[in-house]
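Worksheet: the structure to be examined is printed underneath.
Values below: every heavy atom of this structure, side chains too, minus hydrogens, waters and symmetry copies. Because the structure is a prediction, the values reported are computed rather than measured.
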Amino acid sequence: MSVEIRRGTERYLTRGEGYFTRHSFAFGAHYDPDNVGFGPLVCHDDHRLKAGAGFPDHPHRDVEIVTWVLSGSLSHSDSAGHSGVVRPGELQVLSAGSGVTHAEIAGPEGQVRFVQAWLTPDEPGTPPAYSITPVDLSPGELTEVVRVGSGARLLVARLAAGDTVTLPDEPLQHVFVAGGALTRSSLAEPLADGDAFRITDDPGLEVTAAVPTELMVWAFSGAGAP
């Protein structure tokens, strides 16, 4: 059993024209052989883009890309003919499959902040697919917002100060504070915006919000350490 604390201030940082990104795992020029993923999760990025800034056309293949917008809006277009605008309360999933080129640009109303996860697919080479799904979160509870493949699911909670939630039963969990803070507990000193737990074989733990908090939990059913 283990609970590893990863502070947001210790994550890798990439800056570009009109954006900056904090990476939970080794990415691009930030190579760390001891931190390349967690279960099927190979990328977990916290992006902030200025209005009109973003990432022009770039390719992906054999990766499941899940995007959760925290504020602002994010425009998507891809070579398979899909397009859309993702806003808070909506979940975007792009299955790159056999290969797709796409672009992601912040909306005109101001800065967008979004968290994006990449996961390895169950099966390579499938046709690309795309969706935007409205999500109805239950206040004060973890709500499952998507299942990816056979063994991964994302749960999100919007908590008021003092709310306590019980984390899932899966053996691998990546618990990310996307806003607000968690109180001090037996697990750690308080966790702030951008901090995360990586939990291995220690299911059903409880966490409590110190202030209004948004929590994102990836839960993986595969047994054993990543």
Side-chain angles (χ1 to χ4, degrees), residues 6 8 11-33 35-133 135 145-149 152 154 174 176 178 194 196 216 218 226:
R6 292 276 180 159
R11 286 184 292 149
Y12 317 110
L13 176 63
T14 299
R15 292 186 180 273
E17 183 64 34
Y19 78 91
F20 74 88
T21 299
R22 293 193 181 276
H23 311 280
S24 295
F25 305 107
F27 192 93
H30 307 287
Y31 180 64
D32 180 352
N35 187 33
V36 296
F38 187 74
L41 191 62
V42 295
C43 172
H44 189 278
D45 284 351
D46 187 351
H47 296 283
R48 289 172 173 83
L49 312 179
K50 291 183 179 179
F55 308 111
D57 283 343
H58 56 284
H60 291 286
R61 183 183 179 91
D62 289 332
V63 66
E64 304 289 333
I65 302 174
V66 178
T67 302
W68 183 252
V69 173
L70 300 171
S71 61
S73 66
L74 182 69
S75 296
H76 164 98
S77 60
D78 66 40
S79 57
H82 306 122
S83 63
V85 179
V86 195
R87 298 178 174 86
E90 298 174 328
L91 185 85
Q92 176 184 270
V93 179
L94 172 63
S95 298
S98 58
V100 68
T101 297
H102 80 147
E104 298 161 298
I105 306 296
E109 66 271 26
Q111 178 179 273
V112 60
R113 181 186 176 193
F114 64 99
V115 177
Q116 187 172 90
W118 300 1
L119 300 95
T120 55
D122 286 350
E123 181 182 349
T126 58
Y130 176 78
S131 65
I132 298 176
T133 305
V135 174
V145 299
V146 70
R147 287 181 179 257
V148 178
L154 174 63
H174 184 274
F176 181 73
M216 301 178 66
W218 278 104

Closest heavy-atom contact between P108 and A51?
-> O-CB, 3.8 Å
W218 versus A152, closest heavy-atom pair with distance = CZ3-CB, 4.3 Å
Sorted by chain and residue number, the side-chain contact (heavy atoms from CB on, under 4.5 Å) partners of Q116 (sequence neighbours excluded) come out as H47, I65, T67, E104, F114, W118
So do the side chains of S98 and P128 get within less than 4.5 Å of each other, counting heavy atoms only?
-> yes
Inspect the surroundings of CD in E17 and state if more than 12 heavy atoms from other residues, nucleotides or ligands are less than 6.0 Å away.
-> no
CZ (F25) and CZ (F38) are apart, to the nearest 0.5 Å, by 7.5 Å
With D46 as partner, the option from R113, R22, H23 fulfilling side chain to side chain donor-acceptor pair (under 3.5 Å) is R113
Mind checking the CG-CG spacing from L119 to D62? Nearest 0.5 Å is all I need.
-> 13.0 Å
So OG1 of T21 and CZ of R15: to nearest 0.5 Å the spacing works out to 10.0 Å
Closest heavy-atom pair, R61 versus G97, reported as atoms and distance to 0.1 Å, is CG-O, 3.4 Å
Let me see the working for L154 and L91 under side chain to side chain contact (heavy atoms under 4.5 Å, CB included), right down to the final yes or no.
-> CA-CA 10 Å; L154 174 63; L91 185 85; 4.1 Å; yes
Output, in order, the C-alpha distance, side-chain angles, deciding distance and verdict of side chain to side chain contact (heavy atoms under 4.5 Å, CB included) for T120 and V42.
-> CA-CA 7 Å; T120 55; V42 295; 3.9 Å; yes
4.5 Å side-chain heavy-atom contact, S73 and V112 | no
Hey, is the main chain of L13 close enough, under 3.5 Å, to the side chain of H30 for a donor-acceptor pair?
-> yes
Could you give the distance from CZ (R11) to NE2 (H44), rounded to the nearest 0.5 Å?
-> 8.0 Å
Any side-chain heavy atom of V66 within less than 4.5 Å of one from V145?
-> no
side-chain hydrogen bond (donor to acceptor under 3.5 Å, both in side chains) against H60, all qualifying residues, sequence neighbours excluded = H58, H102
Apply side chain to side chain contact (heavy atoms under 4.5 Å, CB included) to the pair F176 and V115, showing each step before the final yes or no.
-> CA-CA 10 Å; F176 181 73; V115 177; 3.9 Å; yes
One should read off an interatomic distance between R87 CZ and S71 OG, to the nearest 0.5 angstrom, of 13.0 Å
Least distance between heavy atoms, A178 atom then L70 atom = O-CD1, 3.6 Å
On a heavy-atom basis, the closest approach of I105 and G52 is CG2-O, 3.5 Å
Interatomic spacing from CD in Q111 to OH in Y19 - rounded to 0.5 Å = 14.0 Å
Flag the pair V146 / T133 as yes when at least one side-chain heavy-atom distance between them is below 4.5 Å, and no otherwise.
-> no
Report yes or no: does N35 contribute a side-chain atom to a donor-acceptor pair with the main-chain N or O of S24 at less than 3.5 Å?
-> yes
Please report the shortest heavy-atom distance between G84 and I132, naming the atom on each side.
-> CA-CD1, 3.9 Å
